[in-house]
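Below is one structure, written out as structure tokens, with a few remarks after it.
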Amino acid sequence: MATPLTPQRPLGATGVTVPLLGYGTAPLGKEQVSRDHAVRCLNHAIDLGITYLDTSPDYGSEPHVGEVMRTRRDEVFLATKINRRSKEGVLDELKESLRKLQTDHVDLIQVHAVNAWADLEQALAPDGAVAALEEARAQGLVRFIGITGHARPEILGHAITQYPFDTVLVALGMADRLVTSPETFLLPKARERNIGVIAMKCLGHGEYPDVALGLRYSLGLEGVSVAIVGMDSETQVSQIAEIAGAFQPLEEQEEQRLIEQVRPLVEKDAQEYQEGKKCLFWLHDTAVMGWKEHDEPQLVAY
């Protein structure tokens with residue numbers, strides 16, 4: 001019998017506690033992943049105590065998650081995202097996600113991938129994404145409202161001063177510290193406001209050679225509630241859960257070793273970016289979702 005992942009942390013001021021490890025379900029949405037395989041992975045994770053599930057309409061994993069939610073919805077904290085930016089577009093997108101997830105509500109809905117100032121203006125417009133999510137919360141479709149971003153933590157730091165988001169999901173791996181420093185621009189503001197911080201890209205999208213060091217670094221940052229990790233097999237779920245379950249903050253020499261491992265990846269990425277290759281792809285993400293989705297709020301002011 002597997003040992004449950006018992007460590008829990010408060011998710012900001014939501015009143016909810018979450019496990020240190022969350023399931024990033026993007027790998028389960030790949031075309032070659034069968035429904036049966038995805039369901040086995042998700043059930044195995046929940047059995048181990050990984051009860052924070054992260055998905056998104058663009059991952060392709062919502063229907064797989066929905067199959068599990070048919071019988072285990074009450075056991076998990078379910079988080080998804082919205083990519084559209086107009087009020088009407090967001091509400092339509094959310095309702096479609098609920099249909100695929102086979103539930104009448106999600107615990108957390110997040111304005112996804114706010115990586116440019118224009119995107120934040122769209123989200124906060126009077127007829128924008130946040131207005132839609134407030135309406136959805138009033139209807140009981142969502143409990144909490146969050147924001148996510150990959151490439152510009154200073155934008156997220158500003159965003160949480162403009163609106164009382166419940167959570168912020170941000171890239172918090174060692175590469176991010178070396179390039180964009182969320183520890184400087186975002187984490188202090190999140191702690192001041194008791195906003196739940198969700199860490200992603202902890203393992204460098206699989207590029208970091210030492211998984212344990214990468215995960216322990218992110219979990220050791222002050223204010224982090226949970227780290228979400230993309231996992232595509234039951235074996236990987238067990239391995240990552242074991243690391244999280246035995247979490248200890250990095251010692252100084254371990255942190256230095258992680259820096260020495262990640263620095264060459266950052267240098268290589270800087271060179272390859274000029275050639276159109278992006279191994280650490282999220283560091284370069286500046287797409288404006290409202291333009292990408294052709295769903296710009298009419299009342300946005302740039």
Side-chain angles (χ1 to χ4, degrees), residues 5-26 45-46 49-56 65 75-82 94 97 105-115 120 123-124 129-130 133-134 136-137 141-150 152-173 176-177 180-202 215-230 244 247 249 282:
L5 182 66
T6 53
Q8 300 273 328
R9 290 178 177 176
L11 186 63
T14 63
V16 173
T17 57
V18 290
L20 269 62
L21 179 63
Y23 201 136
T25 65
I46 296 170
I50 305 172
T51 54
Y52 184 107
L53 304 185
D54 170 90
T55 186
S56 175
V65 176
E75 299 178 59
V76 306
F77 185 94
L78 182 58
T80 192
K81 310 177 182 80
I82 50 96
L94 172 57
S97 286
H105 77 285
V106 292
D107 296 292
L108 174 63
I109 189 73
Q110 298 156 102
V111 184
H112 194 199
V114 178
N115 299 313
L120 180 60
L124 297 178
V130 168
L133 298 183
E134 287 183 333
R137 179 155 60 184
L141 304 180
V142 304
R143 296 173 65 196
F144 306 111
I145 297 173
I147 188 170
T148 90
H150 303 87
R152 301 292 182 271
E154 67 274 19
I155 294 177
L156 296 179
H158 179 70
I160 64 176
T161 71
Q162 301 303 299
Y163 181 82
F165 290 101
D166 296 300
T167 65
V168 58
L169 168 62
V170 59
L172 279 175
D176 307 287
R177 169 178 164 179
T180 59
S181 192
E183 296 87 341
T184 300
F185 294 101
L186 174 61
L187 292 189
K189 293 180 180 179
R191 290 195 297 269
E192 288 171 6
R193 292 161 177 80
N194 198 15
I195 293 171
V197 175
I198 305 156
M200 64 174 164
K201 304 295 183 267
C202 310
L215 183 57
R216 288 171 57 206
Y217 169 74
S218 299
L219 286 174
L221 294 171
E222 185 180 358
V224 169
S225 298
V226 55
I228 57 172
V229 177
F247 165 72
W282 67 94

Practice prompt. Evaluate the side-chain proximity of Leu108 to Val142: yes if any heavy-atom separation is below 4.5 Å, no if none is.
Written response: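 Heavy-atom side-chain distance check fails, nothing below 4.5 Å.
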Worksheet item: Is any side-chain heavy atom of Thr51 less than 4.5 Å from a side-chain heavy atom of Phe77?
Response: no
Heavy-atom pair of closest approach, residues [X] and [Y]:
X: Arg143; Y: Arg137; result: O-CD, 3.2 Å
X: Ala244; Y: Leu21; result: CB-CB, 3.9 Å
X: Tyr23; Y: Ala45; result: CD1-CB, 3.4 Å
X: Asp176; Y: Gly173; result: OD2-N, 2.8 Å
X: Tyr52; Y: Ala79; result: OH-CB, 3.7 Å
X: Val168; Y: Ile195; result: N-CG2, 3.8 Å

Kindly compute the distance separating [atom1] ([X]) from [atom2] ([Y]), expressed to the nearest 0.5 Å.
X: His150; Y: His112; atom1: NE2; atom2: NE2; result: 4.5 Å
X: Gln110; Y: Asp166; atom1: CD; atom2: CG; result: 10.5 Å
X: Ile147; Y: Tyr163; atom1: CD1; atom2: OH; result: 10.5 Å
X: Asp107; Y: Thr14; atom1: CG; atom2: OG1; result: 9.5 Å
X: Leu133; Y: Ile109; atom1: CG; atom2: CD1; result: 6.0 Å
X: Phe185; Y: Glu154; atom1: CZ; atom2: CD; result: 6.0 Å

Discussion item. With side chain to side chain contact (heavy atoms under 4.5 Å, CB included) as the criterion, how do Val111 and Leu120 come out once you've worked through the C-alpha distance, each side chain's angles and the decisive distance to 0.1 Å?
Written reply: CA-CA 9 Å; Val111 184; Leu120 180 60; over 6 Å; no
Discussion item. Could you walk me through whether Asn115 and Trp282 satisfy the side chain to side chain donor-acceptor pair (under 3.5 Å) test, starting with their C-alpha distance in whole Å, then the side-chain angles of each, then the deciding distance to 0.1 Å, before giving a yes or no?
Written reply: CA-CA 10 Å; Asn115 299 313; Trp282 67 94; over 6 Å; no
Practice prompt. Could you walk me through whether Leu186 and Ile160 pass the side chain to side chain contact (heavy atoms under 4.5 Å, CB included) test, one step at a time?
Written response: CA-CA 9 Å; Leu186 174 61; Ile160 64 176; 3.9 Å; yes
Which atom pairs, donor and acceptor, lie under 3.5 Å between side-chain atoms of residues 216-226 and protein residues at least two apart or in another chain?
from: Arg216; atom 1: NE; to: Gln248; atom 2: O; distance (Å): 2.7
from: Arg216; atom 1: NH1; to: Glu254; atom 2: OE2; distance (Å): 3.1
from: Arg216; atom 1: NH2; to: Gln248; atom 2: O; distance (Å): 3.3
from: Arg216; atom 1: NH2; to: Pro249; atom 2: O; distance (Å): 3.2
from: Arg216; atom 1: NH2; to: Glu254; atom 2: OE1; distance (Å): 2.9
from: Tyr217; atom 1: OH; to: Glu183; atom 2: OE2; distance (Å): 2.4
from: Ser218; atom 1: OG; to: Leu172; atom 2: O; distance (Å): 2.9
from: Ser225; atom 1: OG; to: Pro10; atom 2: O; distance (Å): 2.9

Practice prompt. Return yes if some donor-acceptor pair links the side-chain N/O of Thr17 with the main-chain N/O of Arg9 below 3.5 Å, else return no.
Written response: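 Side chain of Thr17 to backbone of Arg9: no pair is present.
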Fill in: Check: Thr25 side chain, Asp54 main-chain N or O, donor-acceptor pair, under 3.5 Å
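Indeed, once roles are kept as given, a pair shorter than 3.5 Å links the two residues.
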Worksheet item: Under the side chain to side chain contact (heavy atoms under 4.5 Å, CB included) criterion, do Val65 and Thr80 qualify, and how do the steps go?
Response: CA-CA 11 Å; Val65 176; Thr80 192; over 6 Å; no
